[in-house]
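Each chain gets a letter, A, B and so on, in the order the sequences are listed, and its residues count up from 1. On a predicted model such as this, the values are computed, not experimentally measured, just so you know.
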Protein chains: 2
Amino acid sequence: MKRKITLKHIARELDVSISTVSKALKNSEEISRDTKEKVQAFARLYNYKPNNIAISLKNKRTKNIGVIVPDIVHHFFTTVFRGIEKYANAKGYNVIVCVSDESFDKEVINMEMLANGSIDGFIMALSAETQRKNDFNHLREVTEQGIPLVLFDRVTDEIRCDQVIIDDRAAARDATLRLIDNGRRRIALFTTETYLNVSAKREDGYRQALEERGIPVREELILRLPYQYEEENLSGVFFRDQEFDAVLCVNEIFAVRAMRLAQQQGLRIPEDISFIGFTDGLLSRYSAPTLTTVAQHGEQMGEAAAKMLIDKVEQEYDETDARSYRTRVIPTTLIERESTAL
Amino acid sequence: MKRKITLKHIARELDVSISTVSKALKNSEEISRDTKEKVQAFARLYNYKPNNIAISLKNKRTKNIGVIVPDIVHHFFTTVFRGIEKYANAKGYNVIVCVSDESFDKEVINMEMLANGSIDGFIMALSAETQRKNDFNHLREVTEQGIPLVLFDRVTDEIRCDQVIIDDRAAARDATLRLIDNGRRRIALFTTETYLNVSAKREDGYRQALEERGIPVREELILRLPYQYEEENLSGVFFRDQEFDAVLCVNEIFAVRAMRLAQQQGLRIPEDISFIGFTDGLLSRYSAPTLTTVAQHGEQMGEAAAKMLIDKVEQEYDETDARSYRTRVIPTTLIERESTAL
DNA sequence: CGACGTTACGAAAACGGTTTCGTGTTAATA
DNA sequence: TATTAACACGAAACCGTTTTCGTAACGTCG
């Protein structure tokens, strides 16, 4: 087992000082041609690589960014993560991921663990519990320490920081308008029970679209489902009565499950009833029928978030404190598939 | 912006030495009651938290583990990751994730980035390219430096290290046997084109099951598909001719797409043809019909891998070099759903 | 009263780098 | 020949901890 070699070893071996070795390896002008070649050859031979930790301690920069998400087994967050990782890696940064599991406490603990020097900045989406409690002190502490923070998707305006979001309201509005313009009038909304910013905004957009077209909002058509809802919640009766002819769902799982129930009731999709979901994941692409859905372009969001964060991290060092926070809105795309095909 | 406070600040403020502060915060016997209380109160007041980087440098342990996976937008890897993150977090470790994107070069670069002090050990699944090239020098270098390594799912026996795998051969064999015992005789195998260990083993299991039951293997029933295959590859004719009455697929995407094509050809599932896939993801659960599939229990694999790694990391410090490598085989479960229901 | 043991603390080294500032030697210049 | 500049390198501080070792002050005991 050959342990890693350090500057000290090289220095001792070549009978020069540590500083000389350090400078030689950086090709400093200060060092003679001879010495540089000698040192570099030796370093190459023994495969010397500087110790990241030591460099971090000296520079007070880790080249790590912390990502905290509520859930990782979730298509949207995964694609965002891919975007982050891609951009960060290209810039020489590593990504430390923590999962808050929708829990406030875990979110706080994870932030604290990372905030003590492990990372240069945070990218995160708030947990459901954090949004419910409306307690953002952990975010505030971090930003007050001067650690850059970028929030995406599940954001709050209580904290001054960069944000990357989609226009959930507009996306839901556009989707609803599309249904209306396709001749649908009794449009239901299947949304989440737990309080999430995004769900609320999507509901707003839904309402807005109906109002714009002069269709009264019928509250009984708005279903709030627990995340892992039981089939009974969507009673077959609901479908059988033909209470509605279109459904907007705030995620693709709700949509696919609802489609199945409708089919089991003998309804034809899209002839009798059409569906639109959110998140362009595997389910949307491979369900039968394929699902029309609002693509959130998670990867793009991730790249944007990583770029904003890294820009801020790196400017910290040359710039004056030109603190200004930006919000980037990534445009959504309505991907039309069989579930709304006319 | 209040910067983080250090031992030095506390020492200066309280007019004691840095060592005294350090010891007082650790409740050392060496320090008087008075001084300890004074220091601890001050630390609490200013919310002192030791700097992780400095501690890492001193201890030569980072409490970070590196995870390298070929892809993150992939249900199986994501669940494994969740298992890793869960266990690691519970043990006070953070997880740095790198995505190799199935590329050998990225895998090497990522390993090198992390191996220079950033992490205490690796958990990884090999990229497709690495498996094809059969080049494992980057793994060897890392293990020779004494950095613990745990391989999962996509492993190699060329490197001496811990492994967490499923018994792909047995799982495929069992699934195939189940199809046979359900009365199926003309069983096709849809597998990947690119060379992957796991695919090869699954194919083995498939062949073995047929042989065991005295059914000749018909090579024309084994289809090797590119990962993002075009519909044409699975020509409708293939299904229409009723060349086969069951299909074993090495992943759930293949299975779901094949089911759709079969349905389009007017075949009834499972009456005319049944399907079994691998990976119990969203698709299997929500497809129509729901898909019988081999659950790999990724989360369990992740936890097992993390446990093995952390055990090794922590024993490094007390134990003698009792190097012994273990392979944990996580049992799979065949989850029977509509696609094989009789 | 001298030897010794506690107690309570500080100095300093160490982890592995980077960087500033000196300085001895040589060579060029006045 | 004395002055100075350039060159090539080393000493040391520093980043924030931990930890070993030394020691001043005090009390106890024979």
Side-chain angles (χ1 to χ4, degrees), chain A residues 3-40 42-43 46-64 113 115-120 145-146 316-317, chain B residues 3-40 42-43 46-64 113 115-120 145-146 316-317:
Chain A
R3 276 255 156 256
K4 277 224 147 304
I5 193 177
T6 70
L7 288 186
K8 197 193 280 189
H9 295 128
I10 303 184
R12 212 183 336 253
E13 215 65 32
L14 262 41
D15 211 46
V16 291
S17 76
I18 294 181
S19 1
T20 302
V21 176
S22 175
K23 289 170 190 161
L25 290 174
K26 302 189 104 71
N27 240 318
S28 159
E29 290 300 326
E30 248 180 287
I31 307 298
S32 73
R33 189 161 208 64
D34 274 12
T35 311
K36 278 199 281 197
E37 275 170 8
K38 197 174 57 176
V39 171
Q40 289 172 5
F42 190 92
Y46 287 95
N47 193 29
Y48 168 80
K49 294 278 165 51
N51 179 308
N52 289 333
I53 299 294
I55 293 181
S56 293
L57 183 58
K58 185 91 238 285
N59 299 173
K60 293 163 150 275
R61 301 186 52 194
T62 61
K63 286 240 165 194
N64 285 156
M113 274 194 74
N116 299 121
S118 298
I119 49 95
D120 294 340
Q145 275 171 38
E316 291 258 299
Y317 298 89
Chain B
R3 275 255 154 256
K4 278 224 149 302
I5 193 176
T6 70
L7 290 186
K8 196 193 281 189
H9 295 126
I10 304 185
R12 214 188 328 257
E13 215 64 31
L14 262 41
D15 212 45
V16 292
S17 77
I18 294 181
S19 359
T20 302
V21 177
S22 176
K23 290 170 190 162
L25 289 175
K26 301 189 106 70
N27 240 317
S28 161
E29 292 299 326
E30 248 180 289
I31 306 298
S32 74
R33 192 161 206 63
D34 274 12
T35 311
K36 279 199 279 197
E37 275 169 10
K38 197 174 58 175
V39 171
Q40 289 171 5
F42 190 92
Y46 286 96
N47 193 29
Y48 169 80
K49 294 279 164 50
N51 180 307
N52 289 332
I53 299 294
I55 293 181
S56 294
L57 183 58
K58 187 90 236 289
N59 299 172
K60 291 164 151 277
R61 301 186 52 194
T62 61
K63 286 243 167 190
N64 285 155
M113 272 194 74
N116 300 121
S118 299
I119 50 96
D120 294 340
Q145 277 171 37
E316 290 258 301
Y317 298 90

Discussion item. Taking ring pair (Phe, Tyr, Trp, His ring centres under 6.0 Å) as the definition, give me every residue that meets it alongside B:Phe42, ordered by chain and number, with sequence neighbours left out.
Written reply: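 For B:Phe42, the residues satisfying ring pair (Phe, Tyr, Trp, His ring centres under 6.0 Å) (neighbours in sequence not counted) are B:Tyr46.
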
Tell me what [X] touches on the nucleic acid: a base, only sugar-phosphate, or nothing, going by heavy atoms under 4.0 Å.
X       : answer
B:Lys23 : base
A:Ser19 : base
A:Ser22 : base

Practice prompt. Of all the heavy-atom pairs spanning A:Gly117 and B:Ile53, show the shortest one and how long it is.
Written response: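 Taking A:Gly117 first and B:Ile53 second, the nearest heavy atoms are O-CG1, 3.2 Å.
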
Discussion item. Go nucleotide by nucleotide along DNA chain C from the 5' end; which of B:Thr35 and B:Lys58 gets its closest nucleotide reached first?
Written reply: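 Final value for this comparison: B:Thr35.
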
Practice prompt. Calculate, to the nearest 0.5 Å, the distance between atoms OG and CG belonging to B:Ser56 and A:Asn51 respectively.
Written response: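 Spacing of OG (B:Ser56) from CG (A:Asn51) equals 9.5 Å.
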
Worksheet entry | Nearest-0.5 Å distance that lies between atom CG in B:Asn59 and atom CG in B:Asn52 |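 Rounded to the nearest 0.5 Å, the CG-CG separation comes out at 10.5 Å.
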
For [X], which residues count as a side-chain hydrogen bond (donor to acceptor under 3.5 Å, both in side chains) partner, sequence neighbours excluded?
X       : result
A:Asn64 : none
B:Lys58 : none
A:Thr6  : A:His9
A:Thr62 : A:Asp120

Worksheet item: Considering the terminal five base pairs at each end of the helix from C:dC1-D:dG30 to C:dA30-D:dT1, what angle separates the two local helix axes, rounded to 10°?
Response: 80°

Discussion item. Among residues 48-57 of chain A, which ones have heavy-atom contacts with DNA chain D below 4.0 Å?
Written reply: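 Heavy-atom cutoff 4.0 Å gives A:Leu57.
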
Item to complete: Check every nucleotide of DNA chain C for an atom under 4.0 Å from a heavy-atom of chain B, then give the first and the last such nucleotide from 5' to 3'.
Response: C:dA8 to C:dG16

Worksheet item: Got a sec, which residues hit side chain to side chain contact (heavy atoms under 4.5 Å, CB included) with A:Leu25, two or more places apart in sequence or on another chain?
Response: A:Leu7, A:Val21, A:Val39, A:Gln40, A:Ala43, A:Tyr48

Worksheet entry | Qualifying residues under side chain to side chain contact (heavy atoms under 4.5 Å, CB included), relative to B:Gln145, sequence neighbours excluded | A:Lys4, B:Ile147

Worksheet item: Hey, where on DNA chain D does chain B first and last touch, going 5' to 3'? Cut-off is any atom under 4.0 Å from a heavy atom.
Response: D:dC15 to D:dC21

Practice prompt. Return the 5'-most residue of the pair A:Val16, B:Glu30 with respect to DNA chain D, ranking by each residue's nearest nucleotide.
Written response: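 The answer here is A:Val16.
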
Discussion item. Considering only residues two or more places apart or on different chains, which pairs with a residue in residues 15-29 of chain A satisfy salt bridge (charged side-chain N to carboxylate O under 4.0 Å, His left out)?
Written reply: A:Lys23-A:Glu30

Item to complete: Start with the C-alpha distance between B:Ile5 and B:Ile10, add both sets of side-chain angles, then the distance that settles side chain to side chain contact (heavy atoms under 4.5 Å, CB included), and finish with yes or no.
Response: CA-CA 8 Å; B:Ile5 193 176; B:Ile10 304 185; 4.0 Å; yes

Worksheet item: Do B:Ile31 and B:Thr20 touch side chain to side chain, with heavy atoms closer than 4.5 Å?
Response: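 They are in side-chain contact.
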
